[in-house]
Each structure stands twice: as structure tokens, then as C-alpha cells.
S.K.: 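Let me give you the structure first, and then I'll get to my questions.
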Amino acid sequence: QVQLVETGGGLVQVGGSLRLSCAASGRTFSNYAGAWFRQAPGKDREFVAHISTRGGSIYYADSVKGRFTCSRDNAKNTLYLQMSSLKPEDTAVYYCAVTDPGYTSSPDMVRSWGQGTQVTVSS
């Protein structure tokens with residue numbers, strides 16, 4: 001089973017950028033698809049991005065498309081989420097995750113979760 005540790009959250013101004021990293025332990029990381037979700041206070045956890053096992057297929061929520069970039073480096077066992085042009089509505093706890101191969105945007109299909117990292121965008 002893959003264990004995930006997230007870093008990179010913080011406080012940024014509107015229009016700023018942050019890069020989240022998600023380091024995976026275990027020898028089977030490359031067999032999993034990767035994903036990012038976020039959850040604001042009082043809201044359900046929502047899908048942000050999904051990336052295939054080799055990074056060849058990437059899907060984004062409409063709310064972040066064109067601003068966020070999801071990537072992975074299997075040699076480093078790491079997922080990334082580069083966030084640019086940040087808006088106050090991006091404020092949330094961000095969670096990385098791994099899923100079985102094949103596209104999914106459902107939190108119910110997650111095999112393992114990161115611990116979450118807070119992203120706050122000031123107005």
C-alpha cells in the first residue's frame with residue numbers, strides 16, 4: 001500500500017502561485033494513477049485533477065483548467081500540483097491520492113490519501 005506525504009501549502013495573494021508535492025512510499029507507486037482533491041470548510045471534497053500512471057493522460061476540473069498543472073515523476077515517487085493565477089475560491093485543504101489505473105474523479109475510488117495541506121489565497 002502506498003503512503004503519501006504532502007508539502008508545499010501556504011498563504012499567497014490573489015494571482016500568486018504555489019507548487020504542491022506529494023511524496024509516495026512503497027515500490028508500486030508507478031502502478032497507480034494519481035489525483036488531487038480539495039475541501040473547503042463546510043463543503044464536500046471535490047475533484048481537482050487526475051493523472052495516469054505514466055503521466056500521459058491528465059484531466060482537470062473545469063474550475064482549475066488552464067491555471068493548474070498536474071504532473072508526476074515516477075523516478076522520484078512524487079506527484080505535483082502547480083497552481084497559478086490563484087483565486088480566493090481556491091482556498092481549501094488539498095489532498096493528493098492514488099487510485100487504481102483508469103480515470104476516476106470520485107473520492108470513493110481512492111486507494112490512499114495524503115494528510116492534506118492548507119492553501120489560503122488572500123483577497
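All values below were derived from every heavy atom in this structure, side-chain atoms included, with hydrogens, water molecules and symmetry-related copies excluded. Not measured: the values here are computed from a predicted model.
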S.K.: Working to the nearest 0.5 Å, report the span between CG of Leu11 and OG1 of Thr91.
M.R.: 8.5 Å
S.K.: Kindly indicate whether the side chain of Ser105, heavy atoms from C-beta on, has any atom under 4.5 Å from the side chain of Tyr59.
M.R.: no
S.K.: If you round to the nearest 0.5 Å, how far is CG of Asp90 from CG of Leu18?
M.R.: 10.0 Å
S.K.: Rounded at 0.5 Å granularity, tell me how far CG in Asp108 sits from CZ in Arg45.
M.R.: 11.0 Å
S.K.: Could you state whether Val93 and Val64 fall into the same hydrophobic cluster, counting links through intermediate Ile, Leu, Val, Met, Phe, Trp or Tyr residues with side-chain heavy atoms under 4.5 angstrom apart?
M.R.: no
S.K.: If you look at every heavy atom in Gly55 and Arg72, which pair is closest and at what distance?
M.R.: N-CD, 3.9 Å
S.K.: Under 4.5 Å between any side-chain heavy atoms of Arg38 and Ser63, yes or no?
M.R.: yes
S.K.: Val2 versus Thr28: any side-chain heavy-atom pair under 4.5 Å?
M.R.: yes
S.K.: Any pair with a residue in residues 10-78 that passes disulfide bond (SG atoms under 2.5 Å apart), sequence neighbours left out, goes on the list, sorted by first then second residue, please.
M.R.: Cys22-Cys96
S.K.: Which value, rounded to the nearest 0.5 Å, describes the distance between Ser21 atom OG and Leu79 atom CG?
M.R.: 9.5 Å
S.K.: Taking all non-hydrogen atoms of both residues, which atom of Ala23 and which atom of Thr78 are closest, and how far apart?
M.R.: CA-OG1, 4.3 Å
S.K.: Taking the side chain from Gln118 and the backbone from Gly9, do they hold a donor-acceptor pair closer than 3.5 Å?
M.R.: no
S.K.: Is it true that atom CD of Glu89 has more than 12 heavy atoms of other residues, nucleotides or ligands lying nearer than 6.0 Å?
M.R.: yes
S.K.: Run the salt-bridge test on Asp62 and Lys65 with the 4.0 Å N-O cut-off and return the result as yes or no.
M.R.: yes
S.K.: Is there a path of hydrophobic side-chain contacts, each under 4.5 Å between heavy atoms, that joins Leu81 and Trp113?
M.R.: no
S.K.: When you measure from the centre of the six-membered ring of Tyr32, is the NZ or CZ of Arg111 under 6.0 Å away and within 45° of the axis?
M.R.: no
S.K.: Give a yes or no on whether Ile51 and Tyr94 share a hydrophobic cluster (residues Ile, Leu, Val, Met, Phe, Trp, Tyr; joining criterion: side-chain heavy atoms under 4.5 Å apart).
M.R.: yes
S.K.: Can you confirm whether Val14 sits close enough to Pro88 that some side-chain heavy atom of one is under 4.5 Å from a side-chain heavy atom of the other?
M.R.: yes
S.K.: Mind running side-chain contact (heavy atoms from CB on, under 4.5 Å) on Gln13 and Leu86 for me, showing each step along the way?
M.R.: CA-CA 8 Å; Gln13 295 183 357; Leu86 284 162; over 6 Å; no
S.K.: If you compare all heavy atoms of Phe29 against all heavy atoms of Ala24, which two are closest, and at what distance to 0.1 Å?
M.R.: CD1-CB, 3.4 Å
S.K.: Begin from the C-alpha positions of Tyr95 and Leu4 and carry the test side-chain contact (heavy atoms from CB on, under 4.5 Å) through to its verdict.
M.R.: CA-CA 10 Å; Tyr95 298 90; Leu4 305 173; over 6 Å; no
S.K.: Over 60° means perpendicular and under 30° means parallel, so classify the ring planes of Tyr103 and Phe47, tilted if in between.
M.R.: perpendicular
S.K.: Apply the test side-chain contact (heavy atoms from CB on, under 4.5 Å) to residues Thr53 and Asn31: give CA-CA distance (whole Å), side-chain angles for both, the deciding distance (0.1 Å), then the verdict.
M.R.: CA-CA 6 Å; Thr53 55; Asn31 293 332; 5.8 Å; no
S.K.: CZ of Phe68 to CG of Leu20: how many Å apart, nearest 0.5 Å?
M.R.: 8.0 Å
S.K.: State the CD-CG distance between Gln39 and Asp44, to the nearest 0.5 angstrom.
M.R.: 7.0 Å
S.K.: Can you check whether Met83 reaches Val119 side chain to side chain, under 4.5 Å on heavy atoms?
M.R.: yes
S.K.: Judged by atom type as modelled, is there a donor-acceptor pair below 3.5 Å linking the side chain of Trp36 to the main-chain atoms of Tyr80?
M.R.: yes
